[in-house]
Asks: 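Quick one: this structure, given as structure tokens, is what I'll be asking you about.
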Amino acid sequence: MSPEQFSSPHEVGSASDIFSLGAILVYAATRRGPFDSASPWETATKVVESEPELDGLPDDLLPFVSLCLEKHPKSRPTPDELLTLLREGRLPDPRPEPAEPDTEPVRPRARRRKLWLAAIAGALVLAAAASATALRLAGGEHGPPGDLPKGWSAWQTQESDKATTAGGSFTSCAALDGGLVCAGDGLKAVRFSLATGKIAWSLPEADHPDPSTSGSGYPDSGVIGTHGHDVYTVADTKARSAQNSRYVFQALDARTGKVRWNKPLGQKKPTAVEGTVAVTQDGPIVTYGQDGRTYSLLDPAHGTPRWKRTMPANDTCALRTAAGNGYLVCVDGNSAHTTIARLDPAHGTARWTATVDGALTLAGRTGGRLVLVTSPDSPVGPEEATIPPYRRITLLDLADRTPHVVPLARPVPWSATPTLAGGTLYFVQDSGAVRAVAPATGHTLWDTASSVERPGAPVVSDAYVLLASPGGRLAALDRTNGKEVHSVPGRGTGLEPFTGYAGAPPVVHGDAVYVPYGTRSVYTVNLRAL
């Protein structure tokens, strides 16, 4: 498809067919399209904004194809002009066009002939630019590498343990003790060296893998959290036929991969998204048992429960964490009220409780206030069923537990996922649209349509808001205005495009960014080299 088919449909004409002809010739000659990328969204972006990739195209096709792939329709040759180029090796001589008074004559055909003469040189420039980009990603064009792990250089690695046959992506990763620990889709965890990407150890999700049930391609709980030298993950014991303890919560030594302790949970896998586990500064709080309504704080030293509590009946409850503290957030059966309880780590009792109107969930804490947003599972009321649900946020003052309702300056669609990071509330949509909101006022700080399709949760560095797609496209948005100032193309190795899952959040460690993508793969970039 031509650029105008994406950006100006009313201008589509026969010149669009000329563009498509050029693209088909590139594919026929090289077995790849001139704008191929990890997803249709990224491909469309490249069609509109990027130069075609013509490496490997025979020299005698370069003039023809380069003219066909001109961005502006009027810069492309007509079919008659292409026939003359094919027969005679040149474009037709330009015909003079009448000049406007006091202006220079405009000769578009003469411009096309100059473009043709410059086509081969242009292709060489593209090849040189591609090489320069590779150098930038490796940090080769800049001076000292900045705050990077000792011995760091840009790397790209895939975990390909034959014992694990799943075909999906990592769900999440964490950097600690000189390693990047990732998990998801058949892997309990794998450790990459932060500096080189070398794999130190890799563990399948099931302690006793069953090959007949692996390879689902669906993401799972991933790295749930960290504490000290430990990383928290989940093991699946289904091969043991342990009916009451299929899933086991585990603490792994991030340096060696050794299991330090286990906690049997039950039939439901714990995830932070669903609120069945929350990692606090005092240790992980997890739900377990047949009904999944018993919850305990596990001692981080040996995994034994410090206390046991039962969730209220008839309420929909979730464990949440904010600023290292644990909370129990419960919505009543009619979705009319939400109760927030600050859990005492010593006994599990509520240090305090507060009740707010509506069905809300805890997004996090900024300053001395908790930030609550509408729960995506429960509309605020029947009158709001057909309009965007995110119309307000609620701030709960931690000093006196007084709620303050803050209207959003503009409503946000249901499809957006809220994330509180660096004191800003970001609403991210599958399309790549991102809206930054100031929690204290509800004002929109900026609104951007990024080039990332199905981004995961945003990650904030000193200067950027970083987004990554399942195929590995990375976008760096300016924190102050949302402008996409840098992007790295996706790679998408082995990831089926129809899975529908969001990308895993990138991990920032100093100036190094680690981007999970594709089939259990990771690549790195230097923030200073973008």
Asks: Can you say whether the rings of Tyr523 and Tyr517 are parallel (under 30°), tilted (30 to 60°) or perpendicular (over 60°)?
Replies: perpendicular
Asks: Going by heavy atoms in the side chains, are Asp430 and Ser415 under 4.5 Å from each other?
Replies: no
Asks: Under a 4.0 Å threshold between the charged nitrogen and the carboxylate oxygen, would Arg351 count as salt-bridged to Asp344?
Replies: yes
Asks: Determine whether Arg435 and Thr444 satisfy the following criterion, side chain to side chain donor-acceptor pair (under 3.5 Å), listing intermediate values before the conclusion.
Replies: CA-CA 7 Å; Arg435 184 178 301 175; Thr444 299; 4.6 Å; no
Asks: Considering only heavy atoms from C-beta outward, does the side chain of Ser451 approach that of Arg473 to under 4.5 Å?
Replies: yes
Asks: If you compare all heavy atoms of Trp446 against all heavy atoms of Val465, which two are closest, and at what distance to 0.1 Å?
Replies: CZ2-CG2, 4.2 Å
Asks: Does Ser450 offer a backbone N or O that forms a donor-acceptor pair with the side chain of Thr448 under 3.5 Å?
Replies: no
Asks: Measure across Arg520 and Phe170 and return the closest heavy-atom pair with its distance rounded to 0.1 Å.
Replies: C-CE1, 3.3 Å
Asks: Strictly distance-based, threshold 3.5 Å: is any side-chain N or O of Arg306 a donor or acceptor partner for the main-chain N or O of Ala346?
Replies: no
Asks: Answer yes or no: is there a donor N or O on one side and an acceptor on the other, between the side chain of Trp261 and the main chain of Pro300, under 3.5 Å?
Replies: yes
Asks: Of the non-hydrogen atoms in Ile285 and Gly326, which two are nearest, and what is the gap between them?
Replies: CD1-CA, 4.3 Å
Asks: Would you give the length of the straight line joining atom CZ of Phe427 to atom CG of Asp447, rounded to the nearest 0.5 angstrom?
Replies: 11.0 Å
Asks: Side-chain contact test, heavy atoms from C-beta onward, threshold under 4.5 Å: evaluate it for Trp307 versus Leu297 and give yes or no.
Replies: yes
Asks: Applying side chain to side chain contact (heavy atoms under 4.5 Å, CB included), run through Leu370 and Tyr327 and close with a yes or a no.
Replies: CA-CA 11 Å; Leu370 296 181; Tyr327 296 87; 3.8 Å; yes
Asks: Between Leu343 and Leu319, is there a side-chain heavy-atom distance shorter than 4.5 Å?
Replies: yes
Asks: What closest approach, in Å, do Pro418 and Leu425 show between heavy atoms, and which atom pair accounts for it?
Replies: CB-CD1, 4.3 Å
Asks: Would you confirm whether Thr338, through its side chain, and Gly358, through its main-chain N or O, come within 3.5 Å as a donor-acceptor pair?
Replies: yes
Asks: Where the side chain of Asp511 meets the backbone of Asp147, is there a donor-acceptor pair that is under 3.5 Å apart?
Replies: yes
Asks: Atom CG in Leu420, atom CG in Leu372: separation rounded to 0.5 Å?
Replies: 10.5 Å
Asks: I would like to know whether Ile393 and Leu408 meet side chain to side chain contact (heavy atoms under 4.5 Å, CB included); could you show each step before the answer?
Replies: CA-CA 7 Å; Ile393 59 178; Leu408 295 178; 4.1 Å; yes
Asks: More than 12 non-hydrogen atoms from neighbouring residues, nucleotides or ligands closer than 6.0 Å to NE2 on His347, yes or no?
Replies: no
Asks: Would you check if Val488 and Leu530 make a side-chain contact, meaning some heavy-atom pair closer than 4.5 Å?
Replies: yes
Asks: Taking Val223's backbone N and O only, do any of them form a donor-acceptor pair with Ser172's side chain (distance below 3.5 Å, no angle check)?
Replies: yes
Asks: Is a side-chain donor or acceptor of Glu453 paired with a backbone partner of Ser469 at a separation under 3.5 angstrom?
Replies: no
Asks: Side-chain contact test, heavy atoms from C-beta onward, threshold under 4.5 Å: evaluate it for Lys188 versus Val231 and give yes or no.
Replies: no
Asks: Side chain of Tyr514, backbone of Leu194: donor and acceptor closer than 3.5 Å?
Replies: yes
Asks: Starting from the C-alpha separation in whole Å, work towards a yes-or-no answer on side chain to side chain contact (heavy atoms under 4.5 Å, CB included) for Met311 and Thr287.
Replies: CA-CA 9 Å; Met311 293 182 179; Thr287 61; 3.4 Å; yes
Asks: How about Asp462: does its CG atom have over 12 heavy atoms from other parts shown lying under 6.0 Å from it?
Replies: no
Asks: Whether the side chain of Thr419 engages the backbone of Ala457 through a donor-acceptor N/O pair (distance < 3.5 Å, no angle test) should be reported.
Replies: no
Asks: Compare all side-chain heavy atoms of Val329 with those of Leu360 and state whether any distance is below 4.5 angstrom.
Replies: no
Asks: Write down the atom of Gly178, the atom of Arg191, and the distance for their closest heavy-atom approach.
Replies: C-NH2, 3.4 Å
Asks: So, taking the atom named OH in Tyr232 and the one named CG in Leu298, what distance separates them when rounded to the nearest 0.5 Å?
Replies: 8.0 Å
Asks: Is any side-chain N of the basic residue among Lys258 and Asp253 closer than 4.0 Å to the acidic one's carboxylate O?
Replies: no
Asks: Answer whether the closest heavy-atom distance between the side chains of Phe6 and Thr45 falls below 4.5 Å.
Replies: no
Asks: To the nearest 0.5 Å, what is the distance between OG1 (Thr321) and CZ (Arg365)?
Replies: 11.0 Å
Asks: For the atom pair CG (Asp299) and OG1 (Thr304), what is the distance rounded to the nearest 0.5 Å?
Replies: 5.0 Å
Asks: Taking atom types as modelled and ignoring hydrogens, do the side chains of His337 and Asp332 form a donor-acceptor contact shorter than 3.5 angstrom?
Replies: no
Asks: Which residue is it: Asn325, Thr353, Thr349? I am looking for the one with a side chain to side chain donor-acceptor pair (under 3.5 Å) to Arg342.
Replies: Asn325
Asks: About how many Å separate CZ of Arg320 and OG1 of Thr361, when rounded to the nearest 0.5 Å?
Replies: 4.0 Å
Asks: Ignoring hydrogens and geometry, is there a side-chain-to-backbone donor-acceptor pair from Arg479 to Ser461 under 3.5 Å?
Replies: yes
Asks: Looking at every non-hydrogen atom in both residues, tell me the closest pair between Ala468 and Val515 and how far apart they are.
Replies: CB-CG1, 3.9 Å
Asks: Let's go through Leu474 and Tyr464 carefully: what are the C-alpha distance in whole Å and the side-chain angles of both, what is the deciding distance for side chain to side chain contact (heavy atoms under 4.5 Å, CB included) to 0.1 Å, and is it a yes or a no?
Replies: CA-CA 11 Å; Leu474 178 70; Tyr464 304 121; over 6 Å; no
